[in-house]
Amino acid sequence: MICSICLNGCQPVLRLKSRPDEVWREAGNRKSNIDINSLAGEYKMKPLRGKALLNDPVQNKSTAFTREERERYGLQGLLPYSVTDIGKQQQRVLANLRSKNSNIEKYGYLNDLLERNQRLFYRTLIDYIGEIMPLVYTPTVGEACMKFTQIFRKPQGFYITPEDRGKILPLFENWPENDVRIIVVTDGERILGLGDLGANGMGIPIGKMALYVACAGIRPEYCMPVMLDVGTSNQILREDPLYLGYPRPRLTGQDYLSLVEEFVAAVQNKFPQALIQFEDFSSQNAFRLLDRYAGSVRCFNDDIQGTAAVTLAGIYASCRITHKPFVDLKIMLLGTGSAATGVAELLLSAFMMAGLSEAEARSRISFVDRQGLVVTVREEIKPRVRSFASEHAAMDFVGAITAIRPDVLIGATGTAGAFDEIAIRQMARCQEHPVIIALSNPTSHTECTADQAYRWSDGRAVFASGSPFAPVTLDGRTRYPAQGNNVYIYPGIGLGMVASHARLVVEHMFLATAEELANCVLPEEIERGSIYPEIARVRDVSQKIAVKVCQVARQEGLAGVDLPDDLETYVYTLMYEPGY
Ligand SMILES: NC(=O)C1=CN([C@@H]2O[C@H](COP(=O)(O)OP(=O)(O)OC[C@H]3O[C@@H](n4cnc5c(N)ncnc54)[C@H](O)[C@@H]3O)[C@@H](O)[C@H]2O)C=CC1
Ligand SMILES: CC(=O)C(=O)O
Ligand SMILES: [Mg+2]
């Protein structure tokens, strides 16, 4: 019998909700010195009774408390008669959810559910990930951030402002958990393609964390969303009487860097096992912080590195549709920010790993910005982009497509419509199956829609986008766009880091996980033109990504524990599976 988790023949007994150490023993692996209970051990719960128990989102089961539990915990009279199981509760949640008129109402309802009954929230998110992910993540999270001041109900996550300078470490004592393994931190300066949203950007770390739990089985208590609220350059927000953030102009320069430094040092001190995920920083700070910390601190930047891996995976998978060898590809990037530059740098390594010289590899990658093709004769070029500048004469975007004839076009601009009809038609003139990856989020900021990409390429494009699009039927044939989003990478990276206790996150992890993600795309998905796995399989994917991270950690001598041979089983045993 094939296991529905790993799809490779492991015994379904692993699905049982045994204690992790029992599962591990069952797997027959005794080669490790790992104390599995310290990694995935049961969460120690406070003993609660009565109303306090019903009001505790971690322990609450609401109508699922059995008669015996109702008696034992003083719940009689506090619940309606019927005892229901989690499945029935899910049906009620779904009926409620689907009755809402707008996505933002659904977002609010789901947030309330999380605050009421954490296990029911995560179980439902996992079981209905395709339907619910767009409501807790892109695109709805973008709208939620824009409306954060109006829809705010209950504080979640941890806020740090310049007024906390010098006392971040003691402030961490206020966080209810001592064992934090993953921190997603933003300063709110580049929230999706929406710009500087200041403290309203807290929706992003919260949404990313929910997906860590749902997509990779990271235990909720290990997760800490953080807002480094250093002010905002968004004057409209600062002047909004309902604005909840630090209502000053954004901290810059040394004042900014020293606050981040204090935050990172405090994390090392208080939560030494934590992985820090930098998220939605401005491009300049994103690179600055990554350069400063990647070599010494367990951290990565999701927009630079997670996005690069997911994009590289999509490019690898596209070769199975276009039947072109990866080493022959020419890739054009629109935008020269964090995401595009991260993609170019990982692609460079991937091309070189595939046998190209550095010069040859660089020549396969071209950048276009608002001024057109980035060419060597230009005076002002961003330092990280300069080495990719093309030898061509200066020309506009469509001219560059015509001259270079890229196989793959990637948009990371945050600008709606940046792939217009002329550009897509030109791609379709140059290539039988142009690969178009419109990374920008949320949907309102995508470079082009799925419908546009298929229509303007006469149905021949291979299309993926950062936010999800429904299938498109054109000339009687249905096309299935894929979602090219770092959600396929970062949760697995986090799980792999939790599993391996690796000291650092290194580039090989992103190269290896990109390959693995591409391998996860099933033949039937390739057949229908998708370059990413169906989102419903994201937990299986994250498990495989985590295994790759462990393998790289072991190969590079970075693992903090002696990893066992059977990494699939080991990683699986660490994954939180919500239920009663
Ligand atoms: N799908 C995914 O997993 C991810 C998507 N993104 C999305 O990518 C977008 C960009 O993110 P970052 O690179 O971090 O932002 P960024 O602000 O660092 O870079 C955006 C770049 O696009 C350029 N640009 C804007 N409009 C343009 C146009 N019409 N033509 C040419 N260049 C243009 C800007 O000058 C800048 O260089 C955002 O919308 C973000 O949501 C980012 C990370 C992951
Ligand atoms: C997906 C993501 O990380 C972004 O759009 O910024
Ligand atoms: Mg991001």
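What you are looking at is a predicted structure, and each value in this text was computed from that prediction instead of being measured. Each ligand, and each atom within it, is numbered from 1 in the order the structure gives.
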Practice task
Report yes or no: does D302 have an N/O/S atom closer than 2.8 Å to the Mg ion (ligand 3)?
Solution key: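 Under 2.8 Å: D302 has no N, O or S contact with the Mg ion (ligand 3).
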Problem - Nearest non-hydrogen protein atom, atom 5 (C) of ligand 1 - result: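 I find the closest protein heavy atom is L439 O, 3.1 Å.
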Problem - For atom 26 (N) of ligand 1, the protein heavy atom that lies nearest, with its residue and separation - result: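 Minimum-distance protein heavy atom for atom 26 (N) of ligand 1 reads T415 OG1, 2.7 Å.
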Exercise for the section: Pick one of side chain, backbone, both or neither for how T413 approaches ligand 1, counting any non-hydrogen atom pair under 4.0 Å. Expected result: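 T413 to ligand 1: contacts from backbone and side chain alike.
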Problem - ligand 1 versus R190: contacting region, heavy-atom distance under 4.0 Å - result: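 The side chain, only.
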Problem - For R190, atoms of ligand 2 separated by under 4.0 Å from a heavy atom - result: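 Counting atoms of ligand 2 from 1, those under 4.0 Å from R190 are 6 (O).
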Exercise for the section: Only pairs at least two apart or in different chains count here, so list each ring-ring contact (aromatic ring centres under 6.0 Å, His included) that has a residue in residues 374-419. Expected result: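 Pairs touching residues 374-419 that pass the test: F367-F388.
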Exercise for the section: Answer yes if the ring centres of Y316 and F326 are under 6.0 angstrom apart, and no otherwise. Expected result: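 Distance test on ring centres: under 6.0 Å, yes.
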Handout entry: T322 backbone acceptor or donor facing H433 side chain under 3.5 Å
Key =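 Checking the backbone N and O of T322 against the side chain of H433, no donor-acceptor pair under 3.5 Å is found.
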So which bit of [X] gets within less than 4.0 Å of ligand 2, heavy atoms only: side chain, backbone, both or neither?
| X | value |
| --- | --- |
| Y490 | neither |
| D303 | side chain |
| N485 | side chain |

Handout entry: Nearest protein heavy atom under 4.0 Å from atom 34 (C) of ligand 1, yes or no
Key =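 Protein heavy atoms within 4.0 Å of atom 34 (C) of ligand 1 - there are none.
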Exercise for the section: Compute the shortest N/O to N/O distance between N486 and ligand 2 and return yes if it is under 3.5 Å, no if not. Expected result: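 By distance alone, the answer is yes.
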Problem - Contact (N/O only, under 3.5 Å) between Y137 and ligand 2 - result: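 No, no N or O pair falls under 3.5 Å.
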Exercise for the section: Give me the ring orientation class for Y490 and Y137: parallel if the planes are under 30° apart, tilted from 30 to 60°, perpendicular past 60°. Expected result: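 Ring orientation of Y490 relative to Y137: tilted.
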Handout entry: Angular separation of OD1 (D303) and OE2 (E279) seen from the Mg ion (ligand 3), to 10°
Key =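 With the Mg ion (ligand 3) as the vertex, OD1 (D303) and OE2 (E279) sit 100° apart.
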